[in-house]
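Everything quoted here is computed from the prediction, not taken from an experiment. Counting convention: from 1, in listed order, for ligands and their atoms alike. Numbering of residues begins at 1 and proceeds along the displayed sequence.
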Amino acid sequence: MEKSEGITIPHEKPWRYEEGEYTVTRGSAWSGPGCHLGCGVLMYTDKDGKLVKVEGDPENPMTEGRLCVRCLDMPEIVNHKDRLTYPMKRARADRGKNKWERVSWDEAYDIVEREFNAIKDEYGAESVVFIHGTGRDIAPWQSRLCWSFGSPNYGNVLSGNACYLPRVAGMAATTGSFWIADVAQHFPDRFDHEGWTMPEVMFVWGNNPLIANSDGFFGHWVIDLMKRGMKTVVIDPRVTFLAAKANLHLPIRPGTDAALALGMLNVIINEEIYDKEFVDCWCYGFDELKERVQEYPADRVAAITWIPEDKIVRAARMLAAAKPATLQWGLAIDMTREAIPAGQAIAALFQITGNIDCPGGLVPPAEIMAYSGGWGRDLLPPEQEPKRLGLDRYRLLQMGFKQSSPDVLIETMETGVPYEIHGAHFQTTNGIACMGADPHRVYNAFNKCDFIVSVDLFMTPTIMALADVVLPAATFAERNGIRVGDGPQRGEVINKVTQIGECKSDMQINLELGKRFNPEAWPWEKPEEMFTELLKPTGYSWEELREEAPVYLPVEYYKYKTGKMRNDGQPGFQTATGRIELWSTFYNAAELDPLPYFEEPDPGPGSTPELFEQYPLVLTTGARNWSYFHSEHRQIERLRRMHPDPIVQVHPDKLAELGMEDGEWVWIENQNGRAKIRIESTPILTDPRIVACDHAWWRPEGDPEKFFDAFEYNINNLMVYSPGKSGFGSNYKTSICRLYKLEDGE
Ligand SMILES: Nc1nc2c(c(=O)[nH]1)N[C@H]1C(S)=C(S)[C@@H](COP(=O)(O)OP(=O)(O)OC[C@H]3O[C@@H](n4cnc5c(=O)[nH]c(N)nc54)[C@H](O)[C@@H]3O)O[C@H]1N2
Ligand SMILES: Nc1nc2c(c(=O)[nH]1)N[C@H]1C(S)=C(S)[C@@H](COP(=O)(O)OP(=O)(O)OC[C@H]3O[C@@H](n4cnc5c(=O)[nH]c(N)nc54)[C@H](O)[C@@H]3O)O[C@H]1N2
Ligand code: SF4
Ligand SMILES: [Mo]
């Protein structure tokens, strides 16, 4: 293969060198433990091969030496005494009990092979589901394992697939692509690249990039650009660090983002400050959109969103005036039930102002490998595809990831209709403590399975509750790998520097297991050969990339004008009309509203006023913090000390009204359930009627047979499986609650 039209930037130092008594190895921090980013790291090992220090790699052009506390603390994580270090099994009758027996890798694989094949023979391959967590470096390998086994059910237990996928699938359906903020991340010379223009204003919408660094977007890039003069508008119910520094902060009521966007569209369209040429030439359905937004005048939107009217109008005018403007949006858009129309309305703002496929606007992330598409799709026998759970109910599942619907999955497991689920493969997921919208339902549904295997770094509540075999996975310091896809286009390398117990990388494990189920689908001898296969678009082998990484692919703007956005080579976008569809032909065909709309979050003050009297606080959950990646890191002493308990942030005025104090333990409750939580008094809540709390809590120090208190501290006791009309979106960030004191002894 032709070696890359891509660009490499040589490091001054080789990928491995000696420094005093240490060996220093360059790497990328892409999982495990979890994180979406994969910052450039230097890993220091001593003469015994023990990881003793991790520093940011100043030569990494993406992150320039900057690291979060979780990466700086890698030596404690990697060498932790609670790591799973060998495979274990447990008798089916002992499920839920802390009765594990050490086994060899061979015996563990034998059991998985025997059990899964038995299920396949009796009920069909679709009866085994493959369940993943969020964007860690495992997606292609687990999807390949699933599809090469013959099951169409690759998925997760997050109601409404309410993370990233609503935005990805929504944009794919209406524009034929996905779009990310162009902050010059595609260029090795970054902010100095000739063809690139700095965004004049960035809208940070329902995202906290400095802490989250989500989906391949490094939060500090926002600061880099602010230092160069970029303006920001932040839409968040809390005064985050960025909100405090923003040119404009819109303090929004959780779950009302669609209304805000429609209100801003109303201003921009009625004041005729949109990009007329772009709309005329490249958008479809503008007149219909214009009519729809008349329902959302700014004063009405102010009443819905709790944002002052003048701020809404100012934000709209700022967006229209900026050339270019860009959007860095986040999870809060997905975590409301009608996430699809919310994302559609927000996207339309940037579409009708012409900020598409232009320097400093929104650009499609042409990736070395589309992680989001999965790997090995062609291996699924065609007769299996129609059995994918949810496909017949939700047409939007055809877009984005080829996943099953989590909500239909749980329902199917409970009812056995249209078929029974008998086996599960968990890899990078802790469904009971974190993803499941209703941990008890998740537990009961999976507990019906004949056999469950889980691959993880640590013992978790989900493994303790449900697994029959557990396989110990490696952290990024213990394995080789590649960091490609998921936003920025560069290819980087993950280098193994240490070995813990008998841990193996997820890639190694899936290769070995895959060979047992379907050897033709796994023709490689070692993971590095698979990396080279995935790197084909760059022309690099893994070994070459190790010497030369990072490698960048070339970038082009205005591809819609040159026919490079469409499969048929015609100008335009990959949609039925060839245009960006403000009025969606796809949604229309799927019997969904083709235009964006706002629906009151349910439950909530606007939709269930009577319930709101009983539970009079608006609840948003799961805003990210520095210490933890979801349910991970609770064992890590230094990180735990920074954030020892689950907290609910409450405004001081509200606390005074409730007669409660900072630091007090309380119950947080609504109509679905309750959880124990500790109060943090803070004025960063922009309205005393809103509270914000942690997610994914369990206590590794708790009783294993009570699943480490996962049911007691889990905020998802208050959630339900209830996706939007499209099958996407759910209410993790838009609910209601009340707080009350613990009884003595609780
Ligand atoms: N209430 C509420 N709930 C939420 C959210 C919220 O905002 N509010 N956020 C939701 C979102 S967006 C998401 S994506 C989900 C995330 O949910 P998950 O991704 O399922 O996160 P965890 O529950 O932490 O499970 C991850 C497990 O993978 C293990 N692990 C980490 N790295 C590796 C690795 O490299 N290999 C292997 N084999 N295992 C590894 C960890 O030890 C951990 O046990 O949670 C969701 N839950
Ligand atoms: N440290 C750390 N980093 C992570 C993760 C982690 O667990 N820990 N998880 C990773 C994952 S899987 C994901 S999906 C991303 C998520 O990362 P983000 O997209 O940043 O999501 P959150 O931090 O949950 O919420 C972002 C902001 O939205 C605000 N918000 C809450 N409700 C609403 C609302 O209704 N509307 C608006 N406009 N804003 C609202 C919150 O106050 C918060 O400041 O982070 C990733 N990165
Ligand atoms: S964003 Fe933070 S935790 Fe994630 S890889 Fe980078 S330094 Fe590590
Ligand atoms: Mo997520």
Side-chain angles (χ1 to χ4, degrees), residues 30-37 68-70 84 131-138 142 156-159 162-165 204-215 217 219 234-240 242-243 250-257 260 305 328-336 342 426-437 454-463 471-476 479 505-506 509 601 618 620-633 649 684-686 690 692-696 698 714-716 718-719 732-735:
W30 200 22
S31 142
C35 184
H36 291 171
L37 210 76
C68 314
V69 61
R70 296 192 311 285
L84 295 167
I131 305 293
H132 63 83
T134 187
R136 301 178 181 87
D137 185 18
I138 180 58
Q142 199 190 12
N156 61 62
V157 295
L158 188 70
S159 179
C163 167
Y164 206 32
L165 293 199
V204 178
W205 202 318
N207 174 242
N208 195 1
L210 291 179
I211 292 182
N213 299 297
S214 38
D215 313 312
F217 186 94
V234 172
I235 297 114
D236 200 301
R238 302 180 313 145
V239 188
T240 58
L242 279 182
L250 307 184
I252 194 167
R253 167 162 72 97
T256 63
D257 297 274
L260 171 61
T305 58
Q328 170 53 28
W329 55 355
L331 178 62
I333 312 308
D334 309 313
M335 289 208 152
T336 189
F426 294 155
Q427 197 162 19
T428 72
T429 185
N430 183 4
I432 287 182
C434 183
M435 266 208 170
S454 180
V455 192
D456 207 297
L457 311 170
F458 286 92
M459 180 53 68
T460 68
T462 305
I463 296 173
L471 306 176
T475 65
F476 69 78
R479 65 179 182 87
S505 75
D506 290 289
I509 294 169
V618 170
T620 174
T621 72
R624 292 358 183 191
N625 61 61
W626 297 110
S627 284
Y628 304 124
F629 199 81
H630 295 293
S631 74
E632 291 188 68
H633 298 112
Q649 297 181 314
I684 75 164
L685 271 324
T686 52
I690 304 172
C693 73
D694 286 354
H695 76 300
W698 59 292
N714 192 340
I715 193 64
N716 290 352
L718 283 71
M719 305 296 147
Y732 290 83
K733 288 204 195 291
T734 53
S735 193

For this session: State whether D137 and R479 are salt-bridged, where the test is any N-O pair (Lys NZ or Arg NE/NH1/NH2 against Asp/Glu carboxylate O) under 4.0 Å.
Result: yes

Exercise. Ligand 1 and G32, any nitrogen or oxygen pair closer than 3.5 angstrom?
Worked result: yes

For this session: Identify, by atom number and element, the atoms of ligand 1 in contact range of D456, meaning under 4.0 Å from any of its heavy atoms.
Result: 27 (C), 28 (O), 29 (C), 38 (N), 39 (N), 41 (C), 42 (O), 43 (C), 44 (O)

Exercise. Under a 4.0 Å heavy-atom limit, does T460 contact ligand 1 with its side chain, its backbone, both, or neither?
Worked result: side chain

For this session: Would you mind telling me if ligand 1 is within reach of the side chain of T429, the backbone, both or neither, using heavy atoms under 4.0 Å?
Result: both

For this session: Please list, chain by chain and in numerical order, all residues satisfying ring-ring contact (aromatic ring centres under 6.0 Å, His included) with H132, sequence neighbours excluded.
Result: Y154

Seminar exercise, completed: With sequence neighbours left out, the residues meeting ring-ring contact (aromatic ring centres under 6.0 Å, His included) with W329 are none

Exercise. Between N714, T462, N430, which is the residue that forms a side chain to side chain donor-acceptor pair (under 3.5 Å) with S631?
Worked result: N430

Exercise. Hey, which atoms in ligand 1 end up nearer than 4.0 Å to a heavy atom of P33?
Worked result: 32 (N)

Exercise. Quick one: which ligand 1 atoms are inside 4.0 Å of a heavy atom on I715?
Worked result: 1 (N)

Exercise. Is T462 touching ligand 1 with its side chain, its backbone, both, or neither, if touching means heavy atoms under 4.0 Å apart?
Worked result: neither

Exercise. Any idea which residues sit under 4.0 Å from ligand 2, heavy-atom distances?
Worked result: H36, R70, T134, C163, W205, G206, N207, N208, I211, A212, S214, I235, D236, P237, R238, T240, I252, P254, G255, D257, G330, L331, A332, T620, G622, A623, R624, N625, Y628, F629, H630, K733

Exercise. Of all the heavy atoms in I138, does at least one lie under 4.0 Å from an atom in ligand 1?
Worked result: no

Exercise. Ignoring hydrogens and geometry, is there a side-chain-to-backbone donor-acceptor pair from T686 to P237 under 3.5 Å?
Worked result: yes

Exercise. Any non-hydrogen atom of A433 lying under 4.0 Å from ligand 1?
Worked result: no

Problem set entry | Check: G436 main-chain N/O paired with N716 side-chain donor or acceptor under 3.5 Å | yes

For this session: Taking the six-membered ring for Trp and the full ring for Phe, Tyr or His, determine whether the centres of Y628 and H695 are under 6.0 Å apart.
Result: no

Exercise. Any donor-acceptor pair under 3.5 Å linking the side chain of T734 with the backbone of T336?
Worked result: no

Exercise. Is there a donor-acceptor pair under 3.5 Å between the side chain of H36 and the backbone N or O of S214?
Worked result: no

Exercise. Residues in ring-ring contact (aromatic ring centres under 6.0 Å, His included) with Y732, at least two apart?
Worked result: none

